[in-house]
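What follows is a set of notes on a single structure, which appears directly below.
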Amino acid sequence: MTDATATYAGEIRRPRNLYAGSAGSIHEDATATKLGFKGGTVAGSVHMDQFPPLLVRAFGDRWFEDGSLSLYFRNATTDGEPVQAFVEAPSGPGDAQVRAWMTRPDGTPVAEGTASAGAPEEPSALFARDLRPVDPAGLRLLRDVHPGDPLGPVEVPVNAERQRTALRERYLTEPLDWYGDASPWGAAIASPSVTVDLLYTEVLKPLKASLGTRVGLFGAIEIRYLAGPVFLDRAYTVSGEIVAVSETPKTEAFWYDSHAHDADGRRVVSMRMMLRSLKASSPLYADK
């Protein structure tokens, strides 16, 4: 922690592209380079795993109970590319929100946003953004996707095996002891990337299938614990809704919120995600 900037800086890490073998995805080298990337990209959710030591230092264990991490991804990285996470220190105890970001060693921004604990007055980085909604009638991939469309509900077990494999194979950039053994809350808890998996994979399956052939990538992710943490070896009921649809010259995108409830009906964690689809990857844009 520096005196002037009051910033916590993590170690430089080299996150692995855990999905390099996913044929036809943005994580596969052949697909990514064809679409103009340097190579298969590291998932933004994997980058989120680099922040917890800094967040616990800034806010204490409570970050896993009522904290948030809200990131907009600026530049993709490839397998093993070095990155460093940063979190501003809060000015004092209590509910607070601070800046959080990630860069390459040369200063190139990878992600930027906010982190918080409790219920600070100001909105998070993603909830403060102008989502730039557009008329779906002008879209091709997302023509039939509308704000308010429901997602789920679906019963989803936490992907504990994925986390244990990452720990065993040393893929996790910041492997907290709580991810594999007992935690302050009793059982082992889920890392941010496994929490994203819980709130993303199953609840979006029907919608993603309806979009046909295209290559997607995470544009922004916020996770917010409300009655956390998320535990391994448990199932949660996940549901959500579309928030907005938008486009850029190269992508169509939708924003959605999803929520996980435990067996007692408590909302444990929520997520806001922006998922991009590359126009160049879809047959619907073959004329461009």
Side-chain angles (χ1 to χ4, degrees), residues 10-51 71-85 101-112 140-142 159 161-175 191-197 199-202 204-205 207-221 247-254 273-288:
E11 299 293 331
I12 294 175
R13 303 299 191 195
R14 295 177 176 270
R16 301 301 309 274
N17 177 10
L18 304 182
Y19 308 102
S22 299
S25 78
I26 196 64
H27 309 297
E28 182 193 40
D29 283 344
T31 299
T33 54
K34 183 179 179 181
L35 293 169
F37 293 81
K38 291 188 301 181
T41 65
V42 174
S45 56
V46 170
H47 286 316
M48 298 180 88
D49 284 337
Q50 210 158 320
F51 285 88
L71 296 176
Y72 191 92
F73 300 112
R74 290 295 185 187
N75 289 285
T77 65
T78 55
D79 185 60
E81 191 170 358
V83 292
Q84 187 172 19
W101 69 101
M102 175 176 279
T103 67
R104 296 177 186 146
D106 65 2
T108 301
V110 174
E112 59 186 20
R140 300 188 187 185
L141 279 161
L142 302 179
N159 194 340
E161 183 54 34
R162 172 185 161 185
Q163 181 161 304
R164 292 186 174 117
T165 298
L167 288 169
R168 185 171 58 250
E169 301 296 332
R170 299 184 179 182
Y171 290 155
L172 266 174
T173 51
E174 296 291 349
S191 67
S193 66
V194 170
T195 299
V196 171
D197 183 76
L199 293 160
Y200 161 74
T201 304
E202 295 299 325
L204 274 193
K205 270 187 176 179
L207 174 56
K208 288 170 67 177
S210 74
L211 300 180
T213 301
R214 96 281 185 265
V215 174
L217 68 160
F218 297 155
I221 306 174
E247 71 172 327
T248 68
K250 293 183 178 181
T251 69
E252 292 188 15
F254 66 87
M273 176 181 281
M274 186 256 279
L275 189 62
R276 297 185 185 275
S277 293
L278 294 162
K279 293 177 179 178
S281 69
S282 171
L284 296 176
Y285 280 92
D287 59 336
K288 288 199 172 185

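Here the structure is a predicted model, which means the values were calculated and not measured.
Closest approach of P82 and P105 over heavy atoms only: O-CD, 3.2 Å. In plain terms, the two heavy atoms of P15 and V46 that are nearest each other are CB-CG1, 4.1 Å.
Residues forming a side-chain hydrogen bond (donor to acceptor under 3.5 Å, both in side chains) with K205 (at least two apart in sequence, or on another chain): E202. Not counting sequence neighbours, T173 has no partner by the side-chain hydrogen bond (donor to acceptor under 3.5 Å, both in side chains) test. Among residues two or more places apart in sequence or in another chain, the salt bridge (Lys or Arg N to Asp or Glu O under 4.0 Å) test is passed with R16 by D79. Residues passing the side-chain hydrogen bond (donor to acceptor under 3.5 Å, both in side chains) test with R164, sequence neighbours excluded: D233. Every residue was checked against the side-chain hydrogen bond (donor to acceptor under 3.5 Å, both in side chains) condition with S22, not counting sequence neighbours, and none meets it. Scanning for side-chain contact (heavy atoms from CB on, under 4.5 Å) contacts around A85 gives Q50, F51, L54, M102, with sequence neighbours left out. Take T33 and apply the side-chain contact (heavy atoms from CB on, under 4.5 Å) test, not counting sequence neighbours, and it matches no residue. Shown here are the side-chain contact (heavy atoms from CB on, under 4.5 Å) partners of R74, two or more places apart in sequence or in another chain: Y72, P109, E112, R129. Looking at residues two or more places apart in sequence or on another chain, you find a side-chain contact (heavy atoms from CB on, under 4.5 Å) between E11 and R13.
A ring-ring contact (aromatic ring centres under 6.0 Å, His included) check over residues 19-46, counting only residues at least two apart or in different chains, returns the pairs Y19-H27. Listed by first then second residue, pairs satisfying side chain to side chain donor-acceptor pair (under 3.5 Å) with a partner in residues 208-217 read Y200-K208, R214-S277, not counting sequence neighbours. Residue pairs meeting the salt bridge (charged side-chain N to carboxylate O under 4.0 Å, His left out) criterion with at least one member in residues 19-45, sequence neighbours excluded, are K38-E81.
Atom CG of residue N17 and atom OG1 of residue T77 lie 8.5 Å apart, to the nearest 0.5 angstrom. Between the OG1 atom of T31 and the CD1 atom of I26 there is a distance of 7.5 Å, given to the nearest 0.5 Å. The distance from the OG atom of S191 to the CG atom of D197 is 9.0 Å, given to the nearest 0.5 Å.
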* Asked: Where do T103 and T108 land on the side chain to side chain contact (heavy atoms under 4.5 Å, CB included) test, with the steps shown first?
  -> CA-CA 5 Å; T103 67; T108 301; over 6 Å; no
* To do: Show your reasoning for whether side chain to side chain contact (heavy atoms under 4.5 Å, CB included) applies to L71 and I221.
  => CA-CA 5 Å; L71 296 176; I221 306 174; 5.8 Å; no
* To do: Please report the C-alpha distance between L275 and L204 in whole Å, then the side-chain angles of each, then the deciding distance to 0.1 Å, and finally whether the side chain to side chain contact (heavy atoms under 4.5 Å, CB included) criterion is met.
  => CA-CA 11 Å; L275 189 62; L204 274 193; 4.1 Å; yes
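With a 4.5 Å cut-off on side-chain heavy atoms, L142 and L211 count as touching. When side chains are defined from C-beta on, P175 does not count as touching R170, because their heavy atoms never get closer than 4.5 Å. You'll find the side chain of L35 reaches within 4.5 Å of the side chain of V215, heavy atoms only. By the 4.5 Å heavy-atom criterion applied to side chains, K279 and T251 are not counted as neighbours. The closest side-chain heavy-atom distance from T201 to V196 is not below 4.5 Å.
A cation-pi arrangement, defined by a distance under 6.0 Å to the six-membered ring centre and an angle within 45 degrees of its axis, is absent between R276 and F218.
If you check the side chains of R168 and T165, you find a donor sitting under 3.5 Å from an acceptor. Judged by distance alone, the side chains of Y285 and E252 do bring a donor and an acceptor atom under 3.5 Å apart. Under 3.5 Å, the side chains of S193 and D49 contain a donor-acceptor pair of N or O atoms.
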